[in-house]
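Since the structure comes first, as C-alpha cells, the remarks are kept for the end.
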Amino acid sequence: MTVTATSNIDILAIGAHPDDVEVGAGGLMAKFNKLGLKTAIIDLSAGELATNGTPEIRGQEALQAAQVLGLSWRKCLNLPDRGLKTSRLTIDKLVQIIRESRPRLILCPYWEDRHPDHVQAARLVEESWFDAGLTKIQAQIKPYRPPQLWHYFLSRAGEPKFIVDVSDYYEIKREAILTHRSQFGRQASSQETFLNCGPGSMLAIVESRDRFLGSSIGYSYGEGFTTRTPLAIDNPLGLMGVPR
Ligand SMILES: [Zn+2]
C-alpha cells in the first residue's frame with residue numbers, strides 16, 4: 001500500500017473526508033478486495049475542521065484503515081475542508097488521477113447530504129469523471145472515462161437503485177470505521193460529538209441503516225448505491241440466483 005502512486009486499479013472510491021468511504025462503502029470495498037479486484041481511495045480533504053483529531057492523526061488513521069480494507073493506494077489531495085469547489089485546477093487533478101489509474105468504477109458521495117462538502121464532492125467527481133473522457137482536456141494524457149459512477153450514502157440516504165450484500169465483510173467495515181479513532185472513539189482528550197457519543201452515534205446509525213438495507217434484500221447487512229444512469233444487466237439469471 002502506498003500513499004503516492006496512482007497505479008492501475010479496478011475501483012476508485014472518492015470521499016470529501018478521510019472516513020467517508022468507510023462509512024458509505026466500506027463493506028463493498030472490502031468485498032471487492034476479497035474478490036481479487038484492486039481498490040484505492042482518494043480523500044479530497046484531510047478533514048482538518050473536525051472537532052476532534054488533527055490532519056496528522058487523521059492521516060495516520062486513514063492509512064491504517066487502508067490496510068484494513070486492503071487498498072492498493074490511498075491519497076489525500078489536501079483540498080480545504082469546507083472549501084471544496086469545482087474549480088478547473090481541482091477537476092484537472094482528478095482527471096489526471098482517473099486517467100493514470102484507469103478504474104472501471106468510481107464511487108463518490110450521494111448528491112444530496114446535510115454536509116455541503118459531500119454535495120460538493122459529488123459534483124466535483126461527476127464533472128471530473130465527465131472531463132476525463134474529453135480529448136481536448138489535458139491532451140497530453142490519453143482520455144479515459146470509467147464505465148461506471150456510483151454514489152454511496154452518508155448522512156442522507158436517498159432511494160438506492162441497488163443494494164449490495166456485505167454481510168460477510170461487515171466486521172471489516174466496522175474495523176475500518178473504528179480505525180478512525182479520533183472521530184469514532186472516546187478518548188480522554190476527545191470532545192463529545194454526534195460521531196462518538198451515545199446510542200445515536202454515527203456508527204450505530206450506520207449499522208442500523210446497513211441492517212435495514214440488508215434485511216430488505218434478505219441478508220444481514222447491505223450497502224445501498226445509486227447512479228444517474230441506468231445499470232445494464234448482462235445476466236438477468238444472476239438476479240434470480242441462477243448461475244450462468
Ligand atoms: Zn464527510
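Worth saying up front: this structure is predicted, and the values here are computed from it rather than measured.
Of all the heavy atoms in Gly222 and Leu213, the pair that sits closest is O-CB, 3.7 Å. For the pair Val23 and Arg209, the tightest heavy-atom approach, listed with the atom from each and the gap, is O-NH2, 3.0 Å.
Each of Leu107, Val68, Leu37 was evaluated against Met29; a single residue qualifies, Leu107, per the side chain to side chain contact (heavy atoms under 4.5 Å, CB included) test.
Close placement of the Phe162 and Phe225 rings is indicated, their centers lying within 6.0 Å of each other.
Residues Leu69 and Asn33 form no side-chain contact, since every pair of their non-hydrogen atoms from C-beta on lies 4.5 Å or further apart. Contact check for Leu105 versus Pro146: no side-chain heavy atoms found under the 4.5 Å cut-off. Taking 4.5 Å as the limit, every side-chain heavy atom of Val119 sits out of range of all side-chain heavy atoms of Arg123. His17 has its side chain within reach of His115: a pair of non-hydrogen atoms, C-beta onward, lies under 4.5 Å apart. Residues Leu79 and Thr90 have side chains in contact (heavy-atom distance under 4.5 Å, counting atoms from C-beta outward). Taking 4.5 Å as the limit, some side-chain heavy atom of Thr226 sits within range of a side-chain heavy atom of Tyr110. In this structure, Pro103 and Ile11 have side chains that are not in contact, with every pair of non-hydrogen atoms separated by 4.5 Å or more. Residues Leu94 and Ile14 have side chains in contact (heavy-atom distance under 4.5 Å, counting atoms from C-beta outward).
Under a 4.0 Å N-O distance rule, the pair Arg58/Asp81 does not qualify as a salt bridge. A salt bridge links Arg174 to Glu207: at least one charged side-chain nitrogen sits closer than 4.0 Å to a carboxylate oxygen.
For the ring pair (Phe, Tyr, Trp, His ring centres under 6.0 Å) condition, no pair includes a residue of residues 29-56, sequence neighbours left out. Each ring pair (Phe, Tyr, Trp, His ring centres under 6.0 Å) pair with one or both residues in residues 74-103, not counting sequence neighbours, would appear here, but there are none. Judged as a salt bridge (Lys or Arg N to Asp or Glu O under 4.0 Å), the pairs with a partner in residues 29-47 (not counting sequence neighbours) are, in order, Asp43-Arg74.
At least one cation-pi condition fails for Arg99 and Tyr144: the charged atom is not both under 6.0 angstrom from the six-membered ring centre and inside a 45 degree cone around its axis. Judged by the 6.0 Å distance and 45° axis criteria, Arg228 is positioned over the aromatic ring of Trp111.
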- prompt: For Trp150 and Gln148, what are the C-alpha separation, side-chain angles and deciding distance, and is it a side-chain hydrogen bond (donor to acceptor under 3.5 Å, both in side chains)?
  reply: CA-CA 6 Å; Trp150 300 352; Gln148 292 290 320; 2.8 Å; yes
What's the verdict on side-chain hydrogen bond (donor to acceptor under 3.5 Å, both in side chains) for Ser182 and Glu61, showing C-alpha distance, side-chain angles and the deciding distance? CA-CA 8 Å; Ser182 66; Glu61 292 169 347; 2.8 Å; yes
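Under a cut-off of 6.0 angstrom, the local environment of CD in Gln140 is crowded, with over 12 non-hydrogen atoms contributed by other residues, nucleotides or ligands. Atom CZ of Arg145 sits in a crowded spot, with more than 12 heavy atoms from other residues, nucleotides or ligands closer than 6.0 Å.
Note: the hydrophobic cluster containing Val166 also contains Ile177 (ILVMFWY, side chain heavy atoms under 4.5 Å, direct or indirect links).
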